[in-house]
2 protein chains.
Amino acid sequence: MTKLTGPSGSGSVALSDLVCFDLYSAARAIIRAYRPILSGLGLTYPQYLVMVMLWQHAPRTVKDLGDNLDLDSGTLSPLLKRLEVSGLVTRRRRADDERTVEITPTSKGRSLERDAKRVPLEMATVMGISETEERKLRALLRKLSASLATQVDDVATRVA
Amino acid sequence: MTKLTGPSGSGSVALSDLVCFDLYSAARAIIRAYRPILSGLGLTYPQYLVMVMLWQHAPRTVKDLGDNLDLDSGTLSPLLKRLEVSGLVTRRRRADDERTVEITPTSKGRSLERDAKRVPLEMATVMGISETEERKLRALLRKLSASLATQVDDVATRVA
DNA sequence: TCATAATATATTGTGCACAACTAAATAAGT
DNA sequence: ACTTATTTAGTTGTGCACAATATATTATGA
């Protein structure tokens with residue numbers, strides 16, 4: 001699995017391409033690793049992220065979830081509907097501002113937190129890298145995301 | 001953007017969850033960064049990966065592409081059809097083994113390589129981390145992917 | 001040889017991601 | 001007040017990912 005090997009055939013592949021491919025590949029690999037653990041809870045990975053947010057505090061608006069998870073309404077709206085169908089959350093327009101929709105976990109949604117407690121531990125064992133390495137990895141990923149975000153902002157500013 | 005902050009509200013979020021979220025988030029951010037660059041070539045990021053493979057050498061079978069990019073036929077078959085519709089590749093069953101399908105870039109597909117030469121450079125400038133950091137990041141990602149892959153194999157073995 | 005297994009690709013169905021657009025409600029400026 | 005802009009969600013359409021299944025072809029073993 002997972003090649004895109006460096007200099008081999010005619011043209012060599014540039015480092016930036018390789019970093020991106022490894023990132024793309026690792027992200028899919030880790031979500032794949034979560035899948036069997038989360039399927040026991042009846043959740044996909046993005047759904048799990050939303051529930052983690054709601055376990056931290058609730059209710060939260062769709063916009064709040066989107067800001068924190070970096071997902072737009074095109075992704076969240078149907079996802080939240082599926083969580084509603086699963087009986088894990090309720091969606092209700094706020095009385096004092098009819099634009100916003102508040103997402104609240106149901107008792108079933110809240111009780112799921114207990115079962116979810118074991119998820120991080122199982123993931124930690126499966127990842128097979130040390131805590132120090134995890135922290136280094138996080139630091140690099142966050143630095144990368146930060147500079148990519150400023151680039152997007154630059155483009156947005158250039159247009160405005 | 002991009003929170004899932006650590007210890008804040010009631011329950012703190014475990015490190016493994018944070019690593020995974022940062023990975024998930026960074027992977028989307030970098031593909032988002034590729035998008036405007038690749039759209040000039042008429043390619044999505046997975047399509048670009050396939051073309052990079054074909055520029056290295058061709059023809060390649062669907063299986064070969066899948067092994068190297070870690071994608072299955074459910075992803076590749078429609079993707080390759082779209083590349084065929086775009087006039088960038090041809091698909092042809094091999095005479096000596098009717099099971100396999102060979103993917104060959106057309107002259108249009110091959111000539112696209114020149115325009116694509118600038119992609120890695122543009123990405124490198126946008127990423128905003130040093131080559132040393134890129135290499136460290138790659139090393140960590142590959143180590144993570146490797147241990148996740150062995151875990152998947154373990155499960156497969158347990159089933160067999 | 002002939003049944004069986006293994007291999008390679010395609011298809012179907014579900015669930016993200018995200019761009020582009022719409023609709024409704026609130027905020028701001030005059 | 002009233003027009004205009006902004007904010008918030010939702011909808012539509014495209015393109016991955018991937019599980020599950022189907023189909024056809026080749027390889028293998030009794």
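Protein chains get the first letters and strands the later ones, always in sequence-line order, with residue 1 at the start of each.
The phosphate of dA10(C) has neither OP1 nor OP2 within less than 4.0 Å of any side-chain N or O from Lys63(B).
Whole-Å rounding puts the Lys81(A) NZ to dG10(D) P distance at 7 Å. Distance CG (Asp67(A)) to C1' (dA9(D)): 13 Å, rounded to an integer number of Å. Between the CG atom of Leu38(B) and the C1' atom of dT14(D) there is a distance of 16 Å, rounded to whole Å. The CD-P distance, from Glu102(A) to dA9(D), rounds to 10 Å in whole Å. Counting to the nearest Å, the P atom of dG15(D) and the OH atom of Tyr48(B) are 20 Å from each other.
Looking only at distances, no side-chain donor or acceptor of Ser77(A) sits under 3.5 Å from a matching main-chain atom of Gly74(A).
Residues satisfying the side-chain contact (heavy atoms from CB on, under 4.5 Å) criterion with Thr104(B), sequence neighbours excluded, are Pro59(B), Thr90(B), Arg92(B). Taking the salt bridge (Lys or Arg N to Asp or Glu O under 4.0 Å) definition, one finds that Asp97(A) meets it with Arg99(A), sequence neighbours left out. Residues that satisfy the side-chain contact (heavy atoms from CB on, under 4.5 Å) test with Ile31(B), not counting sequence neighbours, are Tyr24(A), Arg35(B), Tyr45(B). The side-chain contact (heavy atoms from CB on, under 4.5 Å) search around Thr132(B) returns Ser130(B), Lys136(B), not counting sequence neighbours. In this structure Arg91(A) satisfies the salt bridge (Lys or Arg N to Asp or Glu O under 4.0 Å) test together with Glu84(A), sequence neighbours excluded. By the side-chain contact (heavy atoms from CB on, under 4.5 Å) test, Glu122(B) pairs with Ile37(B), Arg118(B), sequence neighbours left out.
Sorted by first and then second residue, the pairs that involve residues 100-110 of chain A and meet salt bridge (Lys or Arg N to Asp or Glu O under 4.0 Å), not counting sequence neighbours, are Arg94(A)-Glu102(A). Residue pairs meeting the salt bridge (Lys or Arg N to Asp or Glu O under 4.0 Å) criterion with at least one partner in residues 125-134 of chain B, sequence neighbours excluded, are Lys143(A)-Glu133(B), Glu131(B)-Arg135(B). Listed by first and then second residue, the salt bridge (Lys or Arg N to Asp or Glu O under 4.0 Å) pairs that reach into residues 40-63 of chain A are Arg60(A)-Asp64(A), Lys63(A)-Asp67(A), sequence neighbours excluded.
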Enumerate the protein-to-nucleotides 23-27 of chain C contacts in which both atoms are nitrogen or oxygen and the separation is below 3.5 Å.
from    : atom 1 : to       : atom 2 : distance (Å)
dT26(C) : OP1    : Glu98(A) : N      : 3.3

Polar-atom pairs under 3.5 Å, protein N or O versus N or O of nucleotides 16-23 of chain D: list them with distances, or write none.
from    : atom 1 : to       : atom 2 : distance (Å)
dC16(D) : OP1    : Thr44(B) : OG1    : 2.7
dC16(D) : OP2    : Gln47(B) : NE2    : 2.8
dC16(D) : OP2    : Arg82(B) : NE     : 2.8
dC16(D) : OP2    : Arg82(B) : NH2    : 2.9
dC16(D) : O5'    : Arg82(B) : NH2    : 2.9
dA17(D) : OP2    : Tyr24(A) : OH     : 2.4
dC18(D) : OP1    : Arg32(A) : NH1    : 2.9
dC18(D) : OP2    : Arg28(A) : NH1    : 2.9
dC18(D) : OP2    : Arg32(A) : NH1    : 3.4
dC18(D) : N4     : Gly74(B) : O      : 3.3

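Between Tyr48(A) and Trp55(A), the angle of the ring planes goes over 60°, which puts this pair in the perpendicular group of the 30/60° scheme.
One axis for each end of the helix from dT1(C)-dA30(D) to dT30(C)-dA1(D), each built from five base pairs, and the angle between them comes to 10° at 10° resolution.
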